[in-house]
Number of protein chains: 2
Amino acid sequence: MDKKTVGLSDAFKGNMTPKSFSKNPIKGTKFTIAISSAKGGVGKSTFAMNFALALKSTGSKVGILDADIYGPSLPKMMSIKNKPESKDGKSLVPIEQYGIQCMSIGFLVDEETPMIWRGPMVTSAIKTFTEKVLWNNLDFIIVDMPPGTGDTQLTFAQQIKVDGAIIISTPQEIALADVKRGIRMFDKLKVPILGLVDNMSFFETDNGRKYNIFGEDGVEKIAKNYNKEFLGKIPIDIDLRVAADSGKPLVEKESDHKISKLFIEFAKKIKKNYF
Amino acid sequence: MDKKTVGLSDAFKGNMTPKSFSKNPIKGTKFTIAISSAKGGVGKSTFAMNFALALKSTGSKVGILDADIYGPSLPKMMSIKNKPESKDGKSLVPIEQYGIQCMSIGFLVDEETPMIWRGPMVTSAIKTFTEKVLWNNLDFIIVDMPPGTGDTQLTFAQQIKVDGAIIISTPQEIALADVKRGIRMFDKLKVPILGLVDNMSFFETDNGRKYNIFGEDGVEKIAKNYNKEFLGKIPIDIDLRVAADSGKPLVEKESDHKISKLFIEFAKKIKKNYF
């Protein structure tokens, strides 16, 4: 029997190298920072909201674009229930909350409606959010990216001038495989990686015992291997989760909490190093 | 000024109600069970692998189809490094490991290569996996679904006879929003929901203190509200994570571990209730 093992066909491979495109900044904004993770559920949205608020607390004008069409978290995490206004039926006015300009697909449909959409519909929604939202004089727009390396990532990388990406991961092996793919994707798409964050790094009990629930130091090692900056660790923290669930992120709710201070440090570091 | 708030345009809405299609079982298999979560990072793949092995331990012939094109976990979790064989250059022979027939996009590319693909490419890969893989006389095929409600979910629901879906979630509020969307999606697409699982339900320290890191009882409440079966809770367990990271899922590695027993109970319950 003539056995042979197979890889990906040439047709599929041909599609794996993206072409280059002309890239524009999002109108009304100076710098675009993508918060990314390749893998879902690693705390990316919680990071994005708190990081945006931390940037605001350092004096910048900030917006958040929730680019996760299938799983928008912004409306709940930022306590926004109203629909955005449109003056001309085409453009959308972002909704301001806690001093941050916000936009999410979750503003346009009720919470429980799933967006059962194929890729081109997602691309079209992302274009609306980047071209038709009246972002007003922002220093930074924080983009909360969906997991994966698909339509949303491609649309941003090809059509938007993304000034940098921050990659969030938990330290377990199986998440790190996705981080490696994420780094390779941004490198391929020529989006600068500002740094990696080790999230849900460990859990500390009330009497100070630490448990490395998801493993240890994985993200830092990858940062070294790929020659990227390691921004730091964020422990699993019940206050952080409760604040996000309650609709007021910890940095806004309790700016002198030790975890809030971590976010403010990250924000200062990023501003000092890159902008 | 003429202000008005806006929802989704009619063009977008029109695309939200899927058409009906003729659905076929995956060739070579009797029953297809989708493991789904809408949200990523809730332990879906770990559940899928251990659940498949639990079904096997009850005497069934089982396969796993890793449908997560952007973040395949199967190769690492099941320790598979070789590429699949093809006898005719068109079909693919699944790779058997621990008595389970397996297929994943991760077999066809190296671990670090990101699949930077738009939706139609993903759909094409999913069609290859459901139509061109020589699954051999399986009782159950377990499909490890990607997060979201997009191309992969639509392709399965429209073209494959999916006998049931199990929805996995952690109990925190922000994940539950995604669970609600997931339930609504499967209901819309007419895929029966076999039950909901509360994963990473709590963390127990060495001296028996329990921490509800991600909240409490959220999944069970949603199951009740939506009149779906609640299958049970799985605690955060370091052995479970370490086994998955090491390439030998806990049910295979240590079948009498208390967590393995939970999976075997789930498998028995599902077989008894539905098949």
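Naming convention: chains lettered A, B, ... in sequence-line order (proteins, then strands); numbering from 1 in each chain.
- Note: A:Lys180 NZ to B:Asp110 CG = 10.0 Å, rounded to the nearest 0.5 Å.
- Annotation for B:Asn207: atom CG counts as buried by contact number, over 12 foreign heavy atoms lying within 6.0 Å.
- Heavy-atom contacts from other residues, nucleotides or ligands closer than 6.0 Å to CG of B:Asn82 number more than 12.
- A donor-acceptor pair under 3.5 Å is absent between the side-chain atoms of A:Asp151 and the main chain of B:Arg118, judged by distance alone.
- Looking at A:Asp239, neither its backbone nor its side chain comes within 4.5 Å of chain B, counting heavy atoms on both sides.
- Here B:Pro84 is the residue among B:Pro84, B:Ala175, B:Ala177, B:Gly148 with the most heavy-atom pairs under 4.5 Å with chain A.
- Interface residue B:Pro147: only side-chain heavy atoms are found under 4.5 Å from chain A.
- A:Ile116 places a side-chain heavy atom less than 4.5 Å from the side chain of B:Lys188.
- Residue A:Glu111 touches chain B through both its backbone and its side chain, counting heavy-atom pairs closer than 4.5 Å.
- For A:Arg241, the part sitting under 4.5 Å from any heavy atom of chain B is the side chain, from C-beta outward, and nothing else.
- For A:Asn212, the part sitting under 4.5 Å from any heavy atom of chain B is the backbone (N, CA, C, O) and nothing else.
- Using a distance-only test at 3.5 Å, with no hydrogens or angles considered, no donor-acceptor pair links the side chain of A:Tyr211 to the main chain of B:Glu204.
- In this structure, no portion of A:Pro146 lies under 4.5 Å from any heavy atom of chain B.
- Only the side chain of A:Phe203 comes within less than 4.5 Å of a heavy atom of chain B; its backbone N, CA, C and O stay farther away.
- Ranked by non-hydrogen atom pairs under 4.5 Å with chain B, the options A:Ser246, A:Pro72, A:Gly43, A:Gly106 are led by A:Pro72.
- Contact annotation for B:Leu176: neither backbone nor side-chain heavy atoms come within less than 4.5 Å of a heavy atom of chain A.
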inquiry  = Run A:Thr205 and B:Arg209 through side-chain contact (heavy atoms from CB on, under 4.5 Å) and show every step you take.
reply    = CA-CA 9 Å; A:Thr205 64; B:Arg209 167 113 194 247; over 6 Å; no

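- No part of B:Gln153 comes within reach of chain A, as not one of its non-hydrogen atoms sits under 4.5 angstrom from that chain.
- Using a 4.5 Å cut-off between heavy atoms, B:Phe186 does not touch chain A at all.
- Side chain of B:Thr149 to backbone of A:Pro114: no donor-acceptor contact under 3.5 angstrom is found.
- In this structure, chain B has a heavy atom under 4.5 Å from the side chain of A:Leu92, while its backbone stays farther away.
- With rounding to the nearest 0.5 Å, the separation of OG in B:Ser73 from CD in A:Glu173 is 12.0 Å.
- Between B:Arg181 and A:Glu112 there is no salt bridge, since no side-chain nitrogen of the basic residue lies less than 4.0 Å from a carboxylate oxygen of the acidic one.
- Annotation: maximal heavy-atom pairing with chain B below 4.5 Å, among A:Asp206, A:Ile236, A:Asp237, occurs at A:Asp206.
- Across B:Thr155, B:Ile69, B:Thr46, B:Val93, the residue that shares the most heavy-atom pairs under 4.5 angstrom with chain A is B:Thr155.
- Most heavy-atom pairs under 4.5 Å with chain A, from the set B:Gly150, B:Gly215, B:Gly182: that is B:Gly150.
- Only the side chain of A:Thr123 comes within contact range of chain B, with heavy atoms under 4.5 Å apart.
- Of all the listed residues (A:Ile174, A:Asp178, A:Ile238), the one sharing the greatest number of non-hydrogen pairs under 4.5 Å with chain B is A:Ile174.
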